[in-house]
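Atoms within a ligand are numbered from 1 in the order they appear, just like the ligands themselves.
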Amino acid sequence: MTDSEDTKLITGGRRKEWTHGVVNPPVYRASTCLFDSYAHLRERIADPSAKQLFYGRKGTPTQWALEEALTDLEGADGTMLFPSGIAAVTTAILSLVKAGDHILITDSAYEPTRTFANGILQAMNIETEFYDPMIGGNISTLLRENTSVIVTESPGSLTFEIQDIPAIVAAAKANGTCTVTDNTWATPLLFKPLDHGVDISVEACTKYIGGHSDSMIGSASAKGEVWKKLSRTAYQMGHMVSPDDAFLTSRGLRTLGIRMKAHQENALKVAAWLKDHPMVESVLHPAFEDCPGHDLWKRDFKGSSGLFSIVLKTGDYPDTATMVDDMRLFKMGFSWGGYESLILPSNPTHCRSAVPWQAPGPVLRLHIGLEDTDDLIADLEDGLERYRLRVGR
Ligand SMILES: *Cc1c(COP(=O)(O)O)cnc(C)c1O
């Protein structure tokens, strides 16, 4: 019998040989691992992929427990951990490319992913082309013989377009091209990229999986030959994660299910209130019809999380200071996915090249935390009134 997802979150990675009987896998700190004999040393060297103590950089039961739990949730053969979400994104791409290749990245990608492509990949003579996130199966028109990777991110950072991942994967497979999905918004609870044929699923565990705004960590999960390439590349790059961050992330994982349900419910309430506000032009939330790809979200996702954007009717970014400087509960900060609500003026204009961003007013990205939604709405109501007085409407 296979356990349901809620149960897997509780039991994942808690092998007795790793916990020695305590509930959560403890923090094992190690650089040097000691061998009993020459024969023991030879045995440990023989299978470098085995989860056996060998050298601190290959991890300890603290990291293996988290890897195993994530591998199971993603439906993968294995998971590598990284010191940040962006290290997971960049290493996933690196494991699939070589000099002279062409790759495709969605125009809605997380900005540091774009920076990596325009920096390190370009210096390696790998050409990146940014594409319209709504391209769907027409991505086949952009595929070349040397297109090695398509990077998707659904929904897109800041603007929340949902991509047609199954159509993109079908076009990629027909061309012998690999696919990588940045799945941070959904987590494997709401969307499982590998089940839709994606080759590498990346999560910035810094966000919902850790869930408490106090650790930096990323993961990349894959199957078969791609898993071998990914794990080899990550090891060669020297990536590893501190046992403390792995421990905190394992601990966060136990409550991911109930936290995601609460983020979803709170965000839907706040977003519904914002949608009717006279200063709000549109709500960019995949569960709302204004959001590009809303039908694809209904088809492919199991729910929504707590991050979305609103477009204001009028005004400009400096005007938002009157709103965001004096919020009582919504604080300004980049990394989201913790229990606290956040607000961030986020102008997509400078991180778009395929499809220029156009909107009548500024974009505010909101993360809805676990506070009482009436309190959150009151805070937004006051903030939007300050903004209205400022822009004179
Ligand atoms: C935050 C984020 C990342 C990067 O994670 P870090 O741990 O901050 O490096 C990658 N992708 C998306 C979509 C993110 O929101």
Subject >> Salt-bridge contact Lys228-Glu225 (side-chain N to carboxylate O under 4.0 Å) >> reply: yes

Original post:
Can any side-chain N or O of Asp107 pair as donor or acceptor with the backbone N or O of Ala354 at less than 3.5 Å?
Top reply: yes

Subject >> Distance-only polar pair, side chains of Asn347 and Thr349, donor-acceptor under 3.5 Å >> reply: yes

**OP:** Give a yes/no on ligand 1: does Trp336 have at least one heavy atom closer than 4.0 angstrom to it?
**Re:** yes

Subject >> Heteroatom proximity flag, Gly85 to ligand 1, N/O under 3.5 Å >> reply: yes

Subject >> Heavy-atom side-chain proximity of Val180 to Asp199 below 4.5 angstrom >> reply: no

**OP:** Look at the side chain of His367 and the backbone N and O of Ile343, then say whether any donor-acceptor pair between them is shorter than 3.5 Å.
**Re:** no

**OP:** Indicate the ring-plane relationship of His263 and Tyr208, choosing parallel, tilted or perpendicular according to the 30° and 60° boundaries.
**Re:** tilted

Original post:
Looking only at protein heavy atoms, which one is nearest to atom 8 (O) of ligand 1, and how far off is it?
Top reply: Met216 CE, 3.6 Å

**OP:** Could you tell me the residue and atom name of the protein heavy atom closest to atom 9 (O) of ligand 1, and the distance to it rounded to 0.1 Å?
**Re:** Ile86 N, 2.9 Å

**OP:** Could you tell me which atoms of ligand 1, counted from 1 in the order shown, lie closer than 4.0 angstrom to a heavy atom of Glu153?
**Re:** 13 (C)

Original post:
Would Leu73 and Leu253 satisfy side-chain contact (heavy atoms from CB on, under 4.5 Å), going step by step from the backbone distance to the final call?
Top reply: CA-CA 11 Å; Leu73 286 173; Leu253 195 64; 3.9 Å; yes

**OP:** Check Thr206 against ligand 1 and report side chain, backbone, both or neither, counting heavy atoms closer than 4.0 Å.
**Re:** side chain

Original post:
Is there a nitrogen or oxygen of Lys207 sitting under 3.5 Å from a nitrogen or oxygen of ligand 1?
Top reply: yes

Subject >> Residue Ser84 vicinity, atoms of ligand 1 by number, heavy atom under 4.0 Å >> reply: 7 (O), 9 (O)

Original post:
Closest non-hydrogen protein atom to atom 12 (C) of ligand 1, residue and atom name please, with distance?
Top reply: Asp182 OD2, 3.4 Å

Original post:
For atom 4 (C) of ligand 1, which protein heavy atom lies nearest, and how many Å away is it?
Top reply: Tyr110 CE2, 3.4 Å

